[in-house]
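Report on the structure given below.
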Amino acid sequence: MVEEKKKRGHWKSKLGFILAAAGSAVGLGNIWKFPYITGENGGGYFVLIYLACILIVGIPIMMAEIMIGRASKKQPVGAFEELQGEKTGWTFVGWMGVACGFIILSFYIVVAGWAMDYTLKAVVNFSNPIAEKAETAAKVYRVKTSVADMRKTLVERRIKLESAESISVVRGKASKKVWSEYKNYTKAIESGVALKEARKVLFEDEKFKRKIELAIKLEKNISEIKRKARVEAIEFYEKIDDKKIRDESETLFRRQKIAVGIDKAFGSLVTDGWTSSFWAFAFMLLTILVVAGGVSGGIEKVCTVLMPTLVGIMIFMVCYGVFQPGFKSAITFVFYPDISKLKASGVLEALGHAFFTLSLGMGAMLTYGSYQEDKKGLLSQSIWIALLDTGIAILACMMIFPIIFSYGMSPSAGPGLVFKSMPLAFTEIGSGGMLLGIIFFSLLVLAALTSAISLLEVVASYFIDVKNWSRVRAAWIIGGAVFLFALPSAFSYDPDFIMASWTPTFGMNFFDTMDYLSSNWLLPFGGLFIAIYAGWVMPAKLRDAEFEGSSKMVLTIWLMLIRFVAPILVTLVILQKVGILQLN
Ligand code: TRP
């Protein structure tokens with residue numbers, strides 16, 4: 001019996017494709033990760049470099065993926081075979097993509113699940129009791145503490161805040177390795193044998209000696225920075241009258257109490273594998289339902305509704321931010337270029353993130369491209385997708401940082417920025433904050449959903465196209481398998497995790513291992529191979545046909561970028577990520 005070939009899904013409209021692809025690109029990477037790495041890298045130049053990476057590496061590789069998909073009309077595994085006319089080593093790149101989609105999705109749904117948990121938390125106003133308790137405690141603190149002690153506390157805090165940046169710049173002058181060796185050295189010396197003797201033995205290694213001397217010199221600079229900050233802070237608070245000191249101390253005390261409460265809430269969520277799994281399950285279910293609905297009936301439909309909603313909600317949040325006292329500092333922080341805050345490793349981080357945020361390197365854009373019917377608009381589509389993605393990442397900064405700065409929190413809080421600092425700010429805002437919290441976290445869930453769809457689609461499309469499974473079957477079975485594989489990630493922070501030996505064996509927990517594997521290895525290598533394939537291997541006739549309607553110059557520039565610039569830069573990222581290159 002000859003099986004009749006099922007008709008392949010396709011997009012109803014160009015706009016539908018762009019919104020679906022942008023939906024894939026816009027996700028946790030934009031709203032959760034971009035703001036915090038911008039914070040950690042000091043904003044300004046980091047943002048500029050990130051934009052440059054999107055332009056000279058991101059867009060060309062996105063074009064490469066879309067064109068491989070369009071030309072082959074296949075999912076990643078079949079695409080290379082179709083274009084080459086036979087099975088070659090390139091097919092492996094497709095396999096890598098499918099595996100990578102599976103892996104990314106497995107930890108992505110855990111984080112997305114946390115966002116769902118937080119949406120419910122916001123709805124039930126979970127921080128209210130925490131805030132009430134904190135307020136009472138702060139009032140007691142106010143009457144029980146002497147002004148002198150309050151001043152002392154404020155001074156210490158100001159020293160930390162004011163010197164943190166300069167200290168991190170000084171620290172950045174030596175590599176992580178130097179600092180860890182220095183730490184080992186001081187420990188060894190302290191615990192140590194006759195001091196001089198020990199030093200002598202250790203310093204016989206010239207290289208080691210130089211490293212330690214560098215660290216000691218930098219340590220001196222740091223003490224000097226701290227000393228200056230202390231003088232400044234004492235002077236600053238001497239001029240302030242007692243009433244203001246009391247007010248400021250009370251606020252600070254209250255915020256610290258709330259922060260502790262929220263920290264605990266986040267901690268009890270992530271250390272509770274069952275709850276994390278429950279939410280991952282709920283989120284996976286949503287994703288499956290959309291993918292089972294088909295390309296135009298599920299993915300396109302959902303994305304054309306969700307993407308404009310998402311942008312609308314974000315603009316609302318940014319408008320709220322504009323009227324906050326911290327708006328100006330937020331803008332300065334994000335856009336004002338300060339060269340002293342830029343580290344070489346930040347440049348590579350920007351490039352690595354450009355990959356993740358545009359959903360490149362594993363065939364997601366390739367698969368979405370393969371559902372396109374005609375060949376026009378390769379460049380303009382890629383630019384639109386990148387523009388939407390970048391615009392939303394910047395909007396995310398402009399909605400998060402004004403609130404962060406207005407409520408005296410640190411922009412460099414790291415991964416906890418969204419799950420800890422934002423709820424704290426919402427709590428301090430009061431009753432309106434509850435509404436903002438609901439809006440903010442549902443936004444996060446929606447953004448994650450349109451990305452998760454694309455990840456599941458890549459894996460499912462293989463089984464649909466090659467194994468001839470029905471779409472519904474593929475979505476449910478693959479989705480179910482991803483959920484099972486997500487369990488160890490959901491339990492990664494749980495003290496009762498049955499795979500407790502994972503962390504000591506691999507040096508990081510299961511969740512981080514999956515993240516590391518995909519972000520540091522699979523995606524960059526996938527991107528590198530895709531660039532090489534599109535630039536050097538893909539039959540020129542097929543390639544040029546994809547540029548229908550664009551000028552010769554576009555093709556020439558793209559070829560230069562995809563053949564030389566992208567592979568070289570991506571190789572640098574790989575070398576840095578796996579630790580061969582140690583830039584700082
Ligand atoms: N781009 C999404 C984000 O920023 C994540 C994502 C979806 C992704 N599909 C991908 C990342 C494919 C890499 C590859 O959150």
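Counting convention: from 1, in listed order, for ligands and their atoms alike. Numbering of residues begins at 1 and proceeds along the displayed sequence.
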### Identity and separation of the nearest protein heavy atom to atom 2 (C) of ligand 1
Ser24 O, 3.3 Å
### Task
Return yes if some donor-acceptor pair links the side-chain N/O of Arg471 with the main-chain N/O of Ile464 below 3.5 Å, else return no.
no
### Heteroatom distance test (Gly29, ligand 1): nitrogen or oxygen, under 3.5 angstrom
yes
### Task
Tell me yes or no: between the side chains of Thr119 and Ser442, is some donor less than 3.5 Å from an acceptor?
no
### Query
Short list, please: which atoms of ligand 1 are under 4.0 Å from a heavy atom of Thr357?
1 (N), 4 (O)
### Message
Closer than 4.0 Å to some heavy atom of Ser451 - which atoms of ligand 1 meet that?
### Response
2 (C), 7 (C)
### Task
Please say whether Phe356 places an N or O atom under 3.5 Å from an N or O atom belonging to ligand 1.
yes
### Query
Just which atoms of ligand 1 are under 4.0 Å from any heavy atom in Ser359?
1 (N), 2 (C), 6 (C), 7 (C), 8 (C), 9 (N), 10 (C), 11 (C), 12 (C), 13 (C), 14 (C)
### Task
Determine whether more than 12 heavy atoms belonging to other residues, nucleotides or ligands lie under 6.0 Å from atom CZ of Phe335.
yes
### Query
Can you find an N/O atom of Leu358 closer than 3.5 Å to an N/O atom of ligand 1?
no
### Task
Identify the protein heavy atom lying closest to atom 12 (C) of ligand 1, giving its residue, its atom name and the separation to 0.1 Å.
Met362 SD, 3.2 Å
### Message
Assess, by modelled atom type and distance only, whether the side chains of Asp389 and Thr357 contain a donor and an acceptor separated by less than 3.5 Å.
### Response
yes
### Query
Quick one: which of Ile403, Ile313, Val418 gives a side chain to side chain contact (heavy atoms under 4.5 Å, CB included) with Phe440?
Val418
### Message
Go through it in stages, so that I can follow the logic: the residues are Tyr118 and Phe419, the test is ring pair (Phe, Tyr, Trp, His ring centres under 6.0 Å), and I'd like the CA-CA distance, side-chain angles, deciding distance and then a yes or no.
### Response
CA-CA 8 Å; Tyr118 266 71; Phe419 288 113; 5.2 Å; yes
### Message
Is it the case that ligand 1 has an N or O less than 3.5 angstrom from some N or O of Leu28?
### Response
yes
### Query
Does Trp32 have a heavy atom less than 4.0 Å from any atom of ligand 1?
no
### Query
When Tyr371 is tested against each of His10, Glu300, Arg70, Glu457 for side chain to side chain donor-acceptor pair (under 3.5 Å), which residue passes?
Glu457
### Message
Contact between ligand 1 and Ser454 is defined here as a heavy atom of the residue under 4.0 Å from a ligand atom; is it met?
### Response
yes
### Task
Report yes if the distance between the aromatic ring centroids of Phe281 and Trp274 is under 6.0 Å, otherwise no.
no
### Task
Starting from atom 15 (O) of ligand 1, find the nearest protein heavy-atom neighbour and note its residue, name and distance.
Tyr108 OH, 2.6 Å
### Task
Taking the six-membered ring for Trp and the single ring otherwise, decide whether the centroids of Phe497 and Trp502 are under 6.0 Å apart.
no
#### Entry: For Ala25, the ligand 1 atoms whose distance to one of its heavy atoms is below 4.0 Å
1 (N), 2 (C), 3 (C), 4 (O)
